[in-house]
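Along the sequence shown, residues carry numbers from 1. It should be emphasised that the depicted structure is a prediction, and the values quoted were computed from it without experimental measurement.
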Amino acid sequence: MKKLFVLLFLILYSFGFSQVKLLSWNVENFGKSKSNAEIAYIATLLNKYDLVALQEVVAGYGGAQAVARLADELNRKGNKWEYTISDPTTSTPSKTERYAFLWKTAQLKKIGKAWLEKNYASVIEREPYLCTFEYHKKQFTAVSFHAITKSKQPEKEIKYFKFFPSAYPKSNLIFMGDFNCPQSHSVFDPLRKIGFASALVNQKTSLKRSCKNGECLASEFDNMYFSKSKIKKLNAGVVLFYEKFSTLKEAHTISDHCPIWMEFSLN
C-alpha cells in the first residue's frame, strides 16, 4: 500500500511540476563551415533540452543542410527530434539569415506551420520566426529573433515587440534570441508593464576575443522574455561552453555567443 501511495504521489508530482527545457543560441555562421566534429559537439550540448531555437543559420547553401546534419546527429542520441527552418529573412543580402527550431517529439508537438513575421519585415532587419508548440495539452509560441548590431541601435527594432501580444492575443508568447541589447534597457519597459519578465538579469552572454583578468564574457545581449501570468520560470542560465576549450579562439569556432536556457511550466 505504501509503495502504491508513493507511485501515485510521483505521478501527480510529475504532472503538477512538468516542465519544458528551452534553449536559445546565436550559433554564429551556422552552415557548411561547421565541421562534423563541431556539429557533433553542438548536438551533445543540446541533447538535454526539449526545444532549441537557433539564430544566425546561414541563408545560402549550407545553412539548411547544417541544421539537417545537426538533427541527424541528435537523432543518434536516443531521442526523436524534428526541426523546421525559416526562409531567408527579407533583410539586405549581406545581413539575411535563417532561423531554426529543433524539438523532441516525445515532449512537444508542433502546431501548424512556423512563420516569419512579415508584418514588420520593413522595419526589422531580420524579422522574427514564430512557431507554436503543445506540451501536455497547453500551448506556447516561441518567437526567435536576431537584432541588428548595437551600433545600429537594436532598440529601433525591439520596440515593435510590444505590439505582438495584442497581435496574437490567444498566443502564449516567449521572445528569445540575441537582442544586442541588455534587459535593463527602457525599450523593454512596455513588455514589463504588461507582465513580461526576462529569464536572465545582469548576465553577460557574448564572448570576448580573449579573456582578461579571468573575465571572458562581453555583453548582456541574449535573453528570453515571457508572461509571468502564463509561465512559471523554474530555472534559467547560460551554458559556459567555452570553458571546455583551451582558448577562446578555439571556442569561437563554435560561436561567439553562449547558449541560454530556461526551464518552465505552463500555468
Is there a donor-acceptor pair under 3.5 Å between the side chain of [X] and the backbone N or O of [Y]?
{"X": "Gln153", "Y": "Glu155", "value": "no"}
{"X": "Lys204", "Y": "Glu220", "value": "no"}
{"X": "Ser206", "Y": "Ser219", "value": "yes"}

I need the [X] [atom1] to [Y] [atom2] distance, nearest 0.5 Å.
{"X": "Lys21", "Y": "Trp261", "atom1": "NZ", "atom2": "CH2", "value": "9.0 Å"}
{"X": "Ser229", "Y": "Phe196", "atom1": "OG", "atom2": "CZ", "value": "8.0 Å"}
{"X": "Ser151", "Y": "Asn180", "atom1": "OG", "atom2": "CG", "value": "8.5 Å"}
{"X": "Gln183", "Y": "Asn202", "atom1": "CD", "atom2": "CG", "value": "5.5 Å"}

### Query
Do the side chains of Met176 and Leu22 get nearer than 4.5 Å, heavy atoms only?
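Side-chain contact under 4.5 Å: yes.
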
Beyond-backbone contact of Lys232 with Asn267, side-chain heavy atoms, under 4.5 angstrom: yes

Ring pair (Phe, Tyr, Trp, His ring centres under 6.0 Å) between Tyr225 and Phe161, worked out
CA-CA 10 Å; Tyr225 298 86; Phe161 284 118; 8.7 Å; no

In Ile174, Leu173, Thr132, the residue satisfying side chain to side chain contact (heavy atoms under 4.5 Å, CB included) with Phe140 is Ile174

ask   = Do you know which of Trp115, Phe175, Phe101 makes ring pair (Phe, Tyr, Trp, His ring centres under 6.0 Å) with Tyr129?
value =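 When ring pair (Phe, Tyr, Trp, His ring centres under 6.0 Å) is applied between Tyr129 and each of Trp115, Phe175, Phe101, only Phe101 qualifies.
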
Can you tell me which residue pairs pass the salt bridge (Lys or Arg N to Asp or Glu O under 4.0 Å) test with a partner in residues 175-192, sequence neighbours excluded?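 Residue pairs with at least one partner in residues 175-192: Asp189-Arg192.
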
Pairing of Lys118 and Glu127 as salt bridge, 4.0 angstrom limit: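 Yes, charged N to carboxylate O under 4.0 Å.
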
TODO: Verify the neighbour count for atom NZ of Lys244: are there more than 12 heavy atoms of other residues, nucleotides or ligands below 6.0 Å?
DONE: no

Keeping to residues at least two apart or across chains, list the ring-ring contact (aromatic ring centres under 6.0 Å, His included) pairs with something in residues 60-87.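 Listed by first then second residue: nothing to list.
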
Assert yes or no for the condition that the ring centre distance of [X] to [Y] is strictly below 6.0 Å.
{"X": "Phe30", "Y": "Trp25", "result": "no"}
{"X": "Tyr120", "Y": "Phe164", "result": "yes"}
{"X": "Tyr242", "Y": "Phe245", "result": "no"}

| field | Selection residues 181-215 - residue pairs positive for disulfide bond (SG atoms under 2.5 Å apart), sequence neighbours left out | value |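 Of all non-adjacent pairs touching residues 181-215, those that pass disulfide bond (SG atoms under 2.5 Å apart) are Cys211-Cys216.
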
